[in-house]
Amino acid sequence: MDVATILHTLRDPAGIPTHPLVFQVLMVLTWAVHIFFVNLTLGTATVAGWGFFRGGEDHRRLSRGMTNVAKIALSLAIVTGVAPLLFTQVIYDPQWYTANVLSASWVMGFIFLLIVGYLLLYAFYFKNREGARPGVVHYLWSALVLLLVCGFVMHGLSYQQLLPEQWMDWYAPGGVVDPDGNTIHAFDLPRYVFFIGLSGIVAGIYMAAYARFFADREDIPARYLDWVGRLGVRIALYAAAFELLAGVVFVAEQPARTGFGAHPLVWLTGVFLLSLIAMLFAARERAAERAYLLLGWYAAFIALVAAAREALRMAYMAPFDYSVMDYAVNVDWPSTFLFFATLVGVGGPVAGFFIAVAFNVGKHADVYQAGPAMQRLGNLALASLLAWIGVFFALGAWVWLGNL
Amino acid sequence: MDILGLYPTWYVPGIGSAWVVGIVATIHVLASHTSIGASWFFAYLETKAYREDRPELLDYIRRYGMFLLVFSYIIGSITGPGIWFSTTVASPRGISGLIHNFVWVWAAEWVYFTIEVIGVYALVYTIGRVDRKTHLKLTWAFALASWATMMIIVGILSFMMWPGNEDWYANGSSLDAFYNLNFFAQLFMRTSLMLATGAILGSIVAARMEDSAVKRTIMRTLAVGGVLGIALGALFFQWYLATLPDNAHTVLEHRLPDYFGPAIVGILAASVAYLVFIFARPHRLRAGFAAVMAVIVLVAGLWPEERARESIRKPYVAGQYIYSNQLIARDVPGKGIHGELAAVDAEGILALHPFVPDELRTVTEANKVRAGRMVGLVMCSNCHSFEEGGLRPLPELLHHSDEPEMIQAFVEGALATGSVDYMPRIPGIDAEREALGTYLATLSGYRPDPGETLAHNARNAQVSE
């Protein structure tokens with residue numbers, strides 16, 4: 001059977017509730033946020049392990065700080081992974097579901113390994129105290145290995161999606177159907193290395209931002225923060241240089257028919273990476289001062305990486321006439337309104353309140369006394385939640401009773 | 001001839017892909033309901049602490065919050081998407097149907113998940129580091145946002161049962177799908193029972209509190225909240241039963257393991273007894289015993305409950321329009337969806353399924369057993385194992401029949417006609433039913449005509465192991 005026909009037939013018959021471009025843009029942006037936290041987790045966990053192993057007061061202190069960051073970052077990586085997964089399943093459902101079923105045992109193994117990896121990271125967090133035994137670091141390295149395996153599974157699924165012409169051979173080698181899902185059928189090592197290697201850049205820039213954020217705290221020595229910031233910039237600089245090389249290799253080994261090497265997004269991403277390298281070089285002695293600028297530039301860079309990744313997928317799908325733009329639309333205004341109203345009307349005030357409280361607490365060594373503006377933000381957060389719940393029940397009662 | 005949008009099959013020997021979903025889902029139910037229930041205990045206790053000037057109560061919130069960071073926000077946060085992962089590989093069209101009907105609803109749910117994750121860290125780590133009024137607002141916002149995650153997901157879960165009326169099929173509106181007949185009953189039932197799980201898991205943490213007065217206050221609060229939750233949950237369960245479709249009642253009455261009902265009643269009674277105990281003797285509880293109670297709730301309560309909930313949906317997996325075997329059972333004009341059974345009756349499944357090897361698309365004497373295996377994988381394996389002692393094992397359900405004609409007659413007489421209301425109507429052509437009957441007979445020892453090659457027999461033996 002023709003692969004293009006199969007791909008189009010596998011699309012969900014229910015269609016999608018809004019124009020596909022909306023989903024594609026959201027998918028790319030939310031994936032960028034997700035990979036940011038994935039890389040932050042891997043990078044800070046690695047720094048935490050290195051700092052613990054290196055020993056000494058400053059390195060151990062850095063280790064404890066970065067362990068705390070890693071454990072929170074992993075939580076955020078998991079929750080921010082939900083959104084791109086959702087949107088992928090909306091517009092690239094044929095590719096995603098097939099790739100997953102064909103490696104199903106690894107898909108479920110991912111869940112188990114991620115749980116164990118996270119628990120090991122938490123074990124290291126609890127044991128990483130002053131005077132901890134050297135052997136404690138094995139928890140961290142074990143966690144890191146499992147997280148890298150999880151990343152490899154996700155990489156395999158992402159790559160397998162791009163090769164629909166091989167699916168039948170994977171499912172029925174030699175014409176005999178093999179439904180056990182025990183194999184990862186394809187992977188692209190340069191691609192995996194490139195995406196994982198970003199961890200060094202983001203961890204280093206985060207360390208600089210860490211130095212900047214805590215600069216007002218009198219209970220944290222300025223000497224220590226200066227050291228963390230400068231070390232972070234050096235780590236980020238070396239990682240960025242490596243990523244330039246890794247990126248060239250990744251782009252160069254893509255099939256010629258994709259035209260990936262000539263794509264404008266790839267070149268723009270390269271320009272941003274080169275300028276990031278220049279900025280990091282210039283910031284070697286001014287880490288804290290340049291930290292937030294570096295963070296902003298990195299955010300823009302990672303958004304471009306995400307966009308280029310999607311452009312590559314579109315290029316792989318082009319020979320099969322698969323474009324998300326012709327996905328059937330069954331417009332559903334109620335649910336569309338629900339999401340955007342929730343995101344802006346509730347997500348904004350409530351997440352804003354939580355983050356603002358945490359941010360201000362972090363800036364104070366003593367108890368933070370919220371001022372009038374913060375009090376009003378808290379009231380707004382509660383009011384938005386109560387309003388949402390009220391409308392939810394009122395609307396629900398009206399629909400439910402009307403259908404009785 | 002149009003092909004059907006069917007995916008490859010993942011076959012798990014023994015427990016089946018369905019139990020993989022069930023195991024992940026059961027763990028997630030405990031973690032998620034505990035977290036939401038706990039959030040409401042947090043809000044109550046912190047309000048009490050604020051009004052009665054008892055800041056020491058916040059120490060419990062901090063400890064229980066730390067417990068949740070590991071239990072609910074590692075295990076719960078991972079098993080949540082884990083359900084998505086497991087349904088993706090076990091029932092791709094089922095989860096695809098739900099996602100395409102509810103994508104923005106799920107996206108709104110994600111907003112609340114993100115708020116929850118940020119909120120739990122903010123709540124736990126700012127205790128004692130921000131003024132008490134601001135922290136109280138933070139805790140209440142967390143409780144409300146947590147409950148909202150339940151509100152949203154229950155709309156989708158209850159639609160998995162059925163819309164409850166014909167409106168959704170006609171107009172395709174997400175409102176009619178979401179606010180279905182079963183929705184409010186299931187929401188109030190889960191809201192009630194979350195207090196019970198929040199109380200039982202919370203007692204593990206409370207058992208380790210050193211301050212006697214604090215421990216008494218906490219234990220009694222958990223006990224009252226938990227018993228109230230169980231009482232209301234039992235009440236709302238009656239409403240829940242009244243909103244189920246006929247096929248669900250058939251399964252409830254005739255197709256569930258005998259121990260399910262007594263196990264669930266028993267665990268509820270044991271939970272009430274446990275909560276009464278911690279109310280009356282708040283200082284006698286040991287953390288280890290409380291942990292054992294939590295495990296008992298998981299294994300003896302939630303597992304049968306999740307298995308039952310999965311079973312009573314049969315033969316459908318979503319909205320009473322997608323069968324468990326992934327075929328679309330009826331038209332949904334409001335969404336432009338067309339039923340597929342007639343097409344399979346006309347052409348057979350092997351001709352229409354995209355992921356069938358070419359040499360199996362037409363049944364022949366030479367490939368009959370392998371073709372029958374393919375039909376079985378597609379039509380039956382989502383709910384049935386091919387081994388002895390597995391999930392709803394076909395050899396046992398077919399009374400170990402090694403007679404292909406008898407099995408074929410059953411398929412034609414009972415299943416192809418849709419006579420069994422908890423089974424899908426199994427469409428197909430005569431040749432495929434014959435092949436299916438032949439393959440299923442081999443599971444109980446039947447050996448086909450020597451015309452099949454030895455190599456083919458060897459492969460089948462491998463599959464049947």
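Letters A, B, ... mirror the listed sequences (proteins, then strands); counts begin at 1.
With a threshold of 4.5 angstrom between heavy atoms, V22(A) approaches chain B through side-chain atoms but not through N, CA, C or O. When heavy atoms are compared at a cutoff of 4.5 Å, W168(B) does not approach chain A at all. In this structure, chain B has heavy atoms under 4.5 Å from both the backbone and the side chain of Y97(A). Interface remark: F359(A) contributes no atoms to any contact with chain B (heavy atom separation under 4.5 Å). When heavy atoms are compared at a cutoff of 4.5 Å, S103(A) does not approach chain B at all. Contact of F87(A) with chain B is made through the side chain alone, with heavy-atom distances under 4.5 Å. Heavy-atom distances place no part of D2(A) under 4.5 Å from chain B, backbone and side chain included. For chain A, the nearby parts of I118(B) are the backbone and the side chain; heavy atoms of each come within less than 4.5 Å. Proximity to chain B (any heavy atom under 4.5 Å) is shown, for L377(A), by neither the backbone nor the side chain.
With chain B as the partner, the residue from Q369(A), M374(A), R11(A), H8(A) showing the most heavy-atom pairs under 4.5 Å is Q369(A). Between chain B and the residues I16(A), L85(A), L404(A), the most heavy-atom pairs under 4.5 angstrom are made by L85(A). Chain B forms more heavy-atom pairs under 4.5 Å with one residue of V90(A), N100(A), V350(A) than with any other, namely V90(A).
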List the atom pairs, with distances to 0.1 Å, where a side-chain N or O of residues 386-402 of chain A and a protein N or O form a donor-acceptor pair under 3.5 Å, not counting sequence neighbours.
unit_1	atom_1	unit_2	atom_2	d
W388(A)	NE1	T342(A)	OG1	2.9
W400(A)	NE1	N180(B)	O	3.1
W400(A)	NE1	L181(B)	O	3.2

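With sequence neighbours excluded, the residues satisfying ring pair (Phe, Tyr, Trp, His ring centres under 6.0 Å) with H100(B) are Y327(A).
No more than 12 heavy-atom neighbours from other residues, nucleotides or ligands sit within 6.0 angstrom of NZ on K133(B).
Taking a cutoff of 4.0 Å between a charged side-chain nitrogen and a carboxylate oxygen, R330(B) and E340(B) do not qualify as a salt bridge.
Ring geometry, Y122(A) versus F126(A): the interplanar angle falls from 30° to 60°, so the pair is classed tilted.
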